[in-house]
Amino acid sequence: MIDVPALVAQAREGRPRAVARLISLVEGASPQLREVMAALAPLTGHAYVVGLTGSPGVGKSTSTSALVTAYRRLGKRVGVLAVDPSSPFSGGALLGDRVRMQEHATDPEVFIRSMATRGHLGGLAWSAPQAIRVLDAAGCDVILVETVGVGQSEVEIAAQADTTIVLLAPGMGDGIQAAKAGILEIGDVYVVNKADRDGADATARELNHMLGLGEARSAGDWRPPIVKTVAAKQEGVGEVVEALEKHFAWMANNGELASRRLRRAAQEIEAIALTALRERFGSLHGDRHLDALAEKVAQGELDSYAAADDLIASVTG
Ligand SMILES: Nc1nc2c(ncn2[C@@H]2O[C@H](COP(=O)(O)OP(=O)(O)OP(=O)(O)O)[C@@H](O)[C@H]2O)c(=O)[nH]1
Ligand SMILES: [Mg+2]
């Protein structure tokens with residue numbers, strides 16, 4: 001058994017090994033998470049969470065590293081969480097990320113963790129917020145969450161940030177890819193990285209056009225800026241930080257920050273409750289009750305809604 005209060009106290013002091021240990025508990029869905037989260041809850045709510053998303057190879061890790069540099073210059077403590085929704089274990093793409101973060105590896109004010117989820121249904125919906133909470137409790141001022149992988153899972157993780165950066169790069173057919181993955185709707189800040197390559201202006205124009213096609217905005221609405229960067233050379237990264245600061249101020253002023261955090265908490269609670277329910281179905285009845293209900297439904301003796309009510313009642317009543 002782990003001494004949770006001691007571990008949490010060490011994490012709070014910013015000890016990297018304690019932080020790593022707690023994130024491993026999250027990743028492994030440890031039974032002690034309940035105790036960990038109870039101890040962490042009063043220590044959180046300080047960090048500004050920024051999600052980075054975009055197609056493979058656009059430069060998310062390079063941009064994350066460049067943002068870490070920029071925030072370190074401002075004296076901020078920074079957490080980085082690389083989440084891989086597709087892989088059942090850490091490694092692969094995340095190893096490349098490690099290399100790109102190397103310059104920050106020995107900085108005691110920077111925490112870099114990667115996390116894979118076990119392929120549990122809805123696993124990311126609770127594990128990413130919990131890992132973020134660990135970094136928050138460890139005193140991070142800013143937490144950068146990079147998602148590896150494309151599609152719906154990216155969108156889900158991005159939705160757990162206060163601000164979402166969507167990255168594109170010239171010449172990758174990114175406009176179309178972004179539109180397909182639904183990430184054009186979720187950007188608060190758009191970054192056209194690899195602006196040292198041909199076509200960056202065209203990509204920015206195309207993006208501007210696509211963003212403008214949405215419904216008319218009213219005064220006071222946030223208009224997502226488009227920033228061009230060469231992350232590999234730290235160019236334009238200061239502008240990205242400025243855009244983030246503006247977005248944070250805008251959210252803080254009009255209640256959007258609080259409502260995003262509320263929505264996030266609600267999704268997390270729901271995910272934990274659904275996971276707990278599913279586990280109870282199995283552990284209480286060894287699926288026998290479910291099997292019995294299934295037989296009745298298959299034979300037309302019972303309708304599936306009534307069967308579902310029965311199943312829920314059997315574990316909650
Ligand atoms: N020319 C140029 N290359 C860049 C720039 N930023 C990143 N790269 C290169 O693009 C490649 C991919 O960069 P990553 O930062 O690993 O991209 P990523 O989006 O994290 O990739 P995945 O995590 O695999 O999806 C690397 O070879 C980088 O060196 C840039 O501004 N200009
Ligand atoms: Mg990466």
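Each ligand, and each atom within it, is numbered from 1 in the order the structure gives.
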Test of proximity, G57 against ligand 1: N or O pairs below 3.5 Å: yes
Pairwise distance CG(D188) to CG(L244) - rounded to 0.5 angstrom: 9.0 Å
D162 vs H247, side chain to side chain donor-acceptor pair (under 3.5 Å): CA-CA, chis, key distance, verdict: CA-CA 9 Å; D162 294 321; H247 187 245; over 6 Å; no
Option nearest atom 15 (O) of ligand 1 (shortest heavy-atom distance, choices V192, T62, D196): T62
Heteroatom proximity flag, S63 to ligand 1, N/O under 3.5 Å: no
Atoms of ligand 1 close to A231 [distance to a heavy atom under 4.0 angstrom, numbered from 1]: 31 (O)
CG on L168 to CD on E206, rounded to 0.5 Å: 8.5 Å
Partner of R72 by side chain to side chain contact (heavy atoms under 4.5 Å, CB included), out of V68, T69, L74: V68
Atoms in ligand 1 with a heavy atom of P56 nearer than 4.0 Å: 25 (O)
Where ligand 1 meets E146 - atom numbers and elements under 4.0 angstrom, heavy-atom basis: 20 (O), 23 (O)
Within-cut-off N or O pair, G59 and ligand 1, under 3.5 Å: yes
Ring geometry between F248 and Y48 (parallel below 30°, tilted from 30 to 60°, perpendicular above 60°): perpendicular
Distance in Å, S127 OG paired with I132 CD1, rounded so as to fall on 0.5 Å steps: 9.5 Å
Region of T64 that comes within reach of ligand 1 [heavy atoms, distance under 4.0 Å]: neither
R260 with E256: basic N within carboxylate O range, under 4.0 Å: yes
Short N/O/S contact of T64 with the Mg ion (ligand 2) (below 2.8 Å): no
Salt-bridge present (E13, R15; N to O < 4.0 Å): yes
E146, N/O/S atom nearest the Mg ion (ligand 2): OE2
Close-contact set for ligand 1 against S61 heavy atoms, below 4.0 Å: 15 (O), 18 (P), 20 (O)
